[in-house]
*Asks:* 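What follows is a single structure, and I will ask about it in a moment.
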Amino acid sequence: MTEPSVIHATIVLERVYDASPARVFQAFADPRARARWGTPSTAADLVYDKTDFKVGGLDVSRCGPRGKLIYRVETRYLDIEPDQRIVSTELVCEGWNRLSVSLITVEFQALGASTRLVLTDQIAAFGGKDMVAGSRAGFNAALDNLAAEFMAETADG
Amino acid sequence: MTERSVVHSTFVIERLYPAAPSKVFFALSDPDAKRRWFADPDNPMPSRHEMDFRVGGKEVNAGGPKDGPIHVYTATYQDIVHDQRMVYSYDMLFGATRISVSLATIELFAEGTGTRLVLTEQGAFLDGHDTSETREHGTGVLLDLLGAFLASNS
């Protein structure tokens with residue numbers, strides 16, 4: 001049986017956050033923070049089974065609708081420049097079926113007292129599902145949630 | 001603090017080989033076969049070659065000029081479909097400097113009695129140490145070496 005061809009795409013998302021690059025970087029480095037803002041909606045859940053934020057390290061997480069975490073994600077960190085850059089790969093699986101692999105670059109740039117974040121997702125999708133649209137929607141929602149993290153901080157302080 | 005930069009790119013290279021997809025797949029996935037063609041033409045003797053061809057497995061290829069920094073290619077296989085496809089990520093180090101991180105997809109399509117190979121490489125080139133054009137040229141040279149290997153074994 002011949003598999004369907006692979007779909008390649010590049011997704012670029014930008015945000016400006018009212019927080020320093022060090023603070024925004026920390027929200028990516030800390031898996032507890034990531035589990036909080038990385039969940040795309042209140043109806044979904046993201047659970048880390050294994051985390052190892054270092055070059056060569058591997059995170060394993062499960063996500064999906066709350067109570068039905070059907071997706072398994074393996075994140076491998078390839079380049080980390082503190083407060084400046086994180087490059088990783090993400091392999092998304094559903095059961096034994098591998099759906100996509102992404103090369104993800106997150107750049108943190110100081111913009112006055114704020115941070116300009118640029119996320120570039122270079123994706124290879126082969127699972128038959130529309131993983132390109134899914135990946136774009138997921139990261140868009142997560143990056144919006146990330147803004148709320150810093151707003152909450154300002155309100156608390 | 002060092003100024004960081006990333007240049008993202010995608011290039012696609014195609015080759016038509018006079019060998020069946022199973023033979024092309026073997027040349028790409030068997031460590032002994034791959035060692036015979038996968039070499040830097042300028043520095044043909046790697047100091048180290050390790051290959052664990054399975055999903056999650058790694059490949060390391062290290063070498064370089066006598067008087068220059070060692071070049072280290074480290075790949076992780078992310079997806080494998082026997083005789084049809086492989087997806088792997090890799091990074092390149094010159095000495096202690098990481099110059100790029102890439103995601104590569106190789107697809108094999110039967111065409112007549114031969115194989116059309118389509119390689120798609122999505123790259124992130126770091127801090128101006130290397131360019132997509134140089135990588136595309138080097139990758140094309142490697143695919144020509146694979147072609148010569150397949151022709152000599154047919």
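The sequence lines fix the lettering, A, B, ..., with proteins before strands; numbering per chain opens at 1.
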*Asks:* Taking all non-hydrogen atoms of both residues, which atom of A:Gln122 and which atom of B:Gln122 are closest, and how far apart?
*Replies:* C-NE2, 3.5 Å
*Asks:* Heavy-atom distance under 4.5 Å to chain B: side chain of A:Val118, backbone, both or neither?
*Replies:*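 Neither the backbone nor the side chain of A:Val118 comes within 4.5 Å of chain B.
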*Asks:* May I ask you to decide whether B:Arg4 forms a salt bridge with A:Asp79, counting only side-chain N to carboxylate O separations under 4.0 Å?
*Replies:* no
*Asks:* Do you know the tightest heavy-atom contact between A:Arg98 and B:Gln78?
*Replies:* CD-O, 3.4 Å
*Asks:* For chain A, which candidate among B:Asp79, B:Leu103, B:Val101, B:Asp91 shows the most heavy-atom pairs at distances under 4.5 Å?
*Replies:*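 With the most close heavy-atom pairs to chain A, the winner is B:Asp79.
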*Asks:* How far apart are the closest heavy atoms of B:Ala124 and A:Thr105, and which atoms are they?
*Replies:*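 Looks like CB-OG1, 3.9 Å.
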*Asks:* Quick one: of B:Val55, B:Val87, B:Thr76, who has the most non-hydrogen atom pairs under 4.5 Å with chain A?
*Replies:* B:Val55
*Asks:* Considering only heavy atoms from C-beta outward, does the side chain of B:Thr10 approach that of A:Thr10 to under 4.5 Å?
*Replies:*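 A side-chain contact exists here, since the closest heavy-atom pair is under 4.5 Å.
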*Asks:* Below 4.5 Å, heavy-atom pairs only: which of B:Gly56, B:Ser102, B:Ala110, B:Gly123 has the largest tally toward chain A?
*Replies:* B:Gly123
*Asks:* On a heavy-atom basis, which atom in B:Thr105 and which in A:Ala124 lie closest, and how many Å separate them?
*Replies:*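 That would be OG1-CB, 3.8 Å.
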*Asks:* Is B:Val12 close to chain A through its backbone or its side chain, or both, or neither, when contacts mean heavy atoms under 4.5 Å?
*Replies:*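 Neither the backbone nor the side chain of B:Val12 comes within 4.5 Å of chain A.
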*Asks:* Tell me the closest heavy-atom pair linking B:Glu107 and A:Val6, and the distance in Å.
*Replies:* OE2-N, 3.0 Å
*Asks:* Go through the atoms of A:Ile123 and report whether side chain, backbone, both or neither lie under 4.5 Å from a heavy atom of chain B.
*Replies:* backbone
*Asks:* Using non-hydrogen atoms only, which part of B:Ser5 is less than 4.5 Å away from chain A: side chain, backbone, both, or neither?
*Replies:* backbone
*Asks:* Determine whether A:Arg85 and B:Leu126 make a side-chain contact, defined as any pair of heavy atoms from C-beta on separated by less than 4.5 Å.
*Replies:* yes
*Asks:* Please report the interatomic distance CG(A:Leu91) to OH(B:Tyr77), rounded to the nearest 0.5 Å.
*Replies:*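 If I round to the nearest 0.5 Å, the distance is 15.5 Å.
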*Asks:* Where on B:Ser100 is there a heavy atom nearer than 4.5 Å to chain A: the side chain, the backbone, both, or neither?
*Replies:*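 Contact with chain A: none, neither part.
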